[in-house]
Amino acid sequence: MLIKNVLKDKLKDALAPISSLNFVWSIEIPKQKGHGDYATNVCFQLARELKKSPKLIAETLCTDLNKQFEEEFTFEPINGFININLTENFVWTLSKNVLEKSFPKSTSNTLIEFVSANPTGPLHIGHGRWAVVGSTMVNIYKYVGKNVSSEFYINDAGVQINNLLASVKAAKDGTPIPENGYHGDYIHDLAKTNENPIEYHINQHKSVLNAINTSFDTWYPESNLHKANDVPKALDYLKSNNFTFELEKALWFNTTKFGDDKDRVLVKNDGNYTYFAVDIAYHKNKLDRKFTHLINILGADHHGYVHRMKAAISALNENATIDLKIGQLVNLFRDGTPVRMSKRTGDIITLQEVTDEIGSDAVRYFLSEKSLDSSIDFDLEAAKLKNSENPVYYIQYAHARICSIFRKHGVDNYKEQPSFDSLDPTEKAVLLYCLQFNDMIWELAQNLETHRLNTYLLTLARQFHTFYEKCPILKSEESLKLKRLYILMVVQNVFKTSLNLLGISAPEVM
RNA sequence: GCGCCCGUAGCUCAGUUGGAUAGAGCAACGGACUUCUAAUCCGUAGGUCAGACGUUCGAAUCGUCUCGGGCGCACCA
């Protein structure tokens, strides 16, 4: 159920006699209490068309609308805005369909690529951010019924791999590790075994990602591209479509045609491919696998890559789209002092260690709560607190409280919705907030700002706790009790669903 | 020097794509427990939205500039 769409459709029909509404207008949730459950700015836009003041239009419209929708809404004109309140009765009726999926159908086929760390060392907290955000995006896409697949690209070829192998070999031979090699303790651990260092790291990655509820539909190795000769094929494609030129014995891609600030080299004058050339082949491979919408999640240290990659996709297939989501970096702290995260020196706290220390739920919550545009200062001690300073517990406690009531109640006689009686303001508020869940998810599926799911959960928890304090459930007389148990069930379902999308557990006892 | 991101309450951050008197959490202060789990609730206080100018019915949000912080500017990967 998408409430905003329901509302917008009803208003469109009601306004059809006076305007075709052929302009941008919106239904929004006012931030100010007392401005209604919803509000619309349609009168400001109508003012131009009708050549009357927004205020006058709003007043006239509200008189009509109030007659027409008496059962469902009340409309109140204030200074050109129309404030819309849902009647208690209508909220009650709608709350039968809170999680009903009426999302518009989508024909795109999306591939979300994230993490894609080199198999040359352990994952750290920064990789964790992309894992959490990426897997949440995948969950949201699935929830709204989009075709989506997740992928981890394994750079198992190239210079860094050679550095890794050389470092392990040096450690085995007891010779000094090369200057540009890897110096972490794990190199020496690997030297004591016969394990393939690449396989070892891939397995480590899978294991820790699994521990924070992140899995991938495919793990795509770079070496596959080389085996299939995909790089020369991709370059031939670009050449034959006149996107390339030769200069000083190198092959260039004319990316400035697509808005890049300079052209980029594909084949160096020593004959080797650049990383960019291989990446183009990889993305051509994605498109050849019939994906029409690509999403890549990258760290801010790769943002310079955006223009050339968009150029590549435009050149490869003008019908495909790519969203490059750039996330700011994560700074790790312990009790306010910074913890360094350099792979090269080996002075590193791994994602595995962080997860062991604070648990998957806290990792996922704190890595997803902020906009990708903001960097995260992640404090290990703060994330471990088991008190009111920790929003994870605030949210989970709400769910556990609900479960406790159902346990005490014992019988399963509340699942049919009782007929409407009346709603206490806190009852209406919590149900209305549940009704807004699918609206929010649908918006997230458009803009991929998944941190809003965390904000939603926090507010839902607050709404629930307020309702819980104000409205006794098991102590109430039978019909009131059944009504409130029904409300509780609706709220619980929204908690379960949203925690599940975030990959955070919904504990029944705390 | 050029590009991207950020600057909002003491702290950490939201702000529904341009809406109304700027919102939460934490911290502070004052209240509510022989409880349906107090890991909670209710109330109070806290702001020149970094700054300036502009765009319009209307700006934290859009544009230009300034200041401050992060990241990046390879025939590296």
Side-chain angles (χ1 to χ4, degrees), chain A residues 4 24 26-35 39-41 44 47-48 53-54 78-81 83 118 120 155 158-161 163 180 247-252 261-262 264-276 278-279 299-307 326-329 331 369-377 379 382 385-398 400-409 436 439-440 443-444 446-447 449 451-452 454-456 458-459 461-462 464-476 484 488 509-510:
Chain A
K4 279 190 188 173
V24 179
S26 62
I27 304 273
E28 44 206 51
I29 300 171
K31 42 191 164 192
Q32 186 76 26
K33 277 175 196 159
H35 285 160
T40 178
N41 61 357
F44 289 89
R48 284 176 202 155
S53 79
I78 297 178
N79 295 329
F81 290 95
N83 294 343
N118 289 347
T120 53
N155 287 110
V159 177
Q160 295 306 326
I161 290 296
N163 288 345
N180 53 3
L247 182 70
E248 293 169 357
K249 293 188 180 166
L251 183 72
W252 296 68
D261 50 359
K262 58 175 100 157
R264 307 288 169 177
V265 171
L266 296 168
V267 184
K268 298 184 259 183
N269 60 16
D270 65 5
N272 287 317
Y273 301 126
T274 59
Y275 179 84
F276 184 43
V278 181
D279 222 27
D301 50 344
H302 290 96
H303 82 258
Y305 210 59
V306 169
H307 278 304
I326 303 300
Q328 300 300 311
L329 303 177
N331 304 307
E369 70 171 341
K370 287 176 193 167
S371 155
L372 277 179
D373 286 340
S374 302
S375 59
I376 294 182
D377 290 343
D379 196 301
L385 293 173
K386 298 209 171 184
N387 62 21
S388 57
E389 289 180 52
N390 193 331
V392 184
Y393 290 94
Y394 183 79
I395 292 163
Q396 291 183 323
Y397 181 59
R401 260 184 157 179
I402 294 173
C403 293
S404 168
I405 289 183
F406 284 130
R407 264 197 311 276
K408 283 224 160 81
H409 178 62
Q436 291 164 355
D439 278 299
M440 178 219 37
E443 280 165 29
L444 294 195
Q446 315 309 308
N447 60 28
E449 293 181 345
H451 66 283
R452 281 180 50 203
N454 298 57
T455 311
Y456 179 89
L458 211 48
T459 308
R462 169 155 286 276
F464 161 74
H465 285 307
T466 301
F467 159 71
Y468 177 95
E469 297 286 335
K470 176 86 192 304
C471 299
I473 297 155
L474 298 178
K475 290 173 186 167
S476 299
R484 289 181 173 163
L488 219 51
V509 183
M510 286 175 78

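To find a chain, count down the sequence lines: A is the first, B the second, and so on, and within it residues start at 1.
Of the candidates B:C75, B:C71, B:U17, the closest approach to any side-chain atom of A:E248 belongs to B:C75. Closest to the A:I29 side chain, of the nucleotides B:A77, B:U16, B:A14, is B:U16. Nearest nucleotide to the side chain of A:Q328, out of B:A14, B:C6, B:G70: B:G70. Nearest to the side-chain atoms of A:E449 among the listed nucleotides B:A14, B:C75, B:G15 stands B:G15. Among the nucleotides B:C41, B:A39, B:A14, the one closest to the side chain of A:E469 is B:C41. Out of B:A14, B:G19, B:A39, the shortest distance to the side chain of A:S371 is found at B:A14. Of the candidates B:U17, B:A14, B:U37, B:U37 carries the atom nearest the A:R407 side chain, counting heavy atoms from C-beta on. Comparing B:A14, B:A20, B:U37 by their closest approach to the side chain of A:A39 singles out B:A20. The side chain of A:T274 approaches B:A77 more closely than any other nucleotide in the set B:C71, B:C13, B:A77. Here B:A77 is the nucleotide among B:A20, B:A77, B:C75 with the atom lying nearest to any side-chain atom of A:Y305.
Proximity of A:R484 to A:P472: side-chain heavy atoms (C-beta onward) are separated by under 4.5 Å at one or more points.
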**OP:** Report the C-alpha distance between A:T120 and A:N163 in whole Å, list the side-chain angles of each, state the deciding distance to 0.1 Å, and finish with yes or no for side chain to side chain contact (heavy atoms under 4.5 Å, CB included).
**Re:** CA-CA 9 Å; A:T120 53; A:N163 288 345; over 6 Å; no
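Residue contacts for A:H35: at a heavy-atom cut-off of 4.0 Å it reaches a base atom on one of the strands shown. Within the nucleic acid shown, A:K249 has no heavy atom closer than 4.0 Å to any nucleic acid atom. As judged by a 4.0 angstrom heavy-atom cut-off over every strand, A:A300 is placed among residues touching the sugar-phosphate backbone only. Within the 4.0 angstrom heavy-atom criterion, no nucleotide atom of any strand lies near A:F276. Within the nucleic acid shown, A:A400 comes within 4.0 Å of at least one base atom, counting heavy atoms only. Contact annotation for A:T459: no contact, since no heavy-atom pair falls under 4.0 Å across all strands. Residue A:N83 is classed as a base contact, given a heavy-atom separation below 4.0 Å to a base. Note on A:N269: a base of the nucleic acid sits closer than 4.0 angstrom, heavy atoms only. When heavy atoms are screened at a 4.0 angstrom cut-off, A:V509 is found touching base atoms of the nucleic acid.
Remark: A:R401 qualifies as a cation-pi partner of A:Y468 under the 6.0 Å distance and 45° angle criteria applied to the six-membered ring.
Nucleotides B:A14 and B:C6, compared at atom P, are 10 Å apart to the nearest Å. Using atom P as the reference point in both B:U21 and B:U37, the two lie 44 Å apart (nearest Å). The same atom, P, is picked in B:G1 and in B:C65; the two are 14 Å apart, to the nearest Å. Between B:A77 and B:G18, the distance separating the two C1' atoms is 42 Å to the nearest Å. Going from the C1' atom of B:A60 to that of B:A45 covers 23 Å, rounded to whole Å. When the C1' atom is compared between B:U8 and B:A22, the two are found 8 Å apart, to the nearest whole Å. On the C1' atoms, B:C2 is 31 Å away from B:C13, given to the nearest whole Å. Comparing B:G7 with B:G43, their P atoms are spaced 29 Å from each other, to the whole Å.
Nearest-nucleotide positions on RNA chain B for A:I78 and A:K262 put A:I78 closer to the 5' end. Nearest-nucleotide positions on RNA chain B for A:T466 and A:R264 put A:T466 closer to the 5' end.
Not one side-chain nitrogen or oxygen of A:K31 sits closer than 4.0 Å to the OP1 or OP2 atom of B:A22. OP1 or OP2 of B:A14 sits under 4.0 Å from a side-chain N or O of A:S374. In terms of phosphate contacts, A:K268 brings a side-chain nitrogen or oxygen within less than 4.0 Å of OP1 or OP2 of B:C76. In terms of phosphate contacts, A:Y393 brings no side-chain nitrogen or oxygen within less than 4.0 Å of OP1 or OP2 of B:G25. The shortest distance between the side-chain N/O atoms of A:R462 and the OP1/OP2 oxygens of B:C42 is below 4.0 Å.
Proximity of a side-chain donor or acceptor of A:T274 to a complementary backbone N or O of A:V267 within less than 3.5 Å is not detected. Panel note: side chain A:N118, backbone A:I161; no donor-acceptor pair is recorded below 3.5 Å. Between the side chain of A:T459 and the backbone N or O of A:T455, at least one donor-acceptor pair lies under 3.5 Å. The backbone N or O of A:R462 lies less than 3.5 Å from no partner atom in the side chain of A:H465, so there is not a single donor-acceptor pair.
Side-chain atoms of A:H302 and base atoms of B:G72 include no donor and acceptor less than 3.5 Å apart. Side-chain to base pairing of A:N41 with B:G19: one donor and one acceptor N or O lie within less than 3.5 Å of each other. Judged by distance alone with a 3.5 Å cut-off, no donor-acceptor contact links the side chain of A:N118 to the base of B:A77.
Stem list for RNA chain B (at least 3 consecutive Watson-Crick or G-U pairs, distances under 3.5 Å): B:1-7 with B:67-73, B:10-13 with B:23-26, B:28-32 with B:40-44, B:50-54 with B:62-66.
Counting non-hydrogen atoms of other residues, nucleotides and ligands closer than 6.0 Å to NZ of A:K268 gives a total above 12.
Distance CG/A:N269 to CD/A:E248: 8.5 Å, rounded to 0.5 Å.
Glycosidic conformation of B:U55 is anti; the angle lies outside 90° of 0.
Taking the six-membered ring for Trp and thresholds of 30 and 60 degrees, A:F276 and A:Y305 have ring planes more than 60 degrees apart, a perpendicular arrangement.
Residue side chain A:F81 meets the stacking definition with respect to B:A20: its ring centre sits within less than 5.5 angstrom of the base's six-membered ring centre, and the planes differ by less than 30 degrees.
When all heavy atoms of A:E449 and A:L444 are compared, the closest pair comes out as O-CD2, 3.2 Å.
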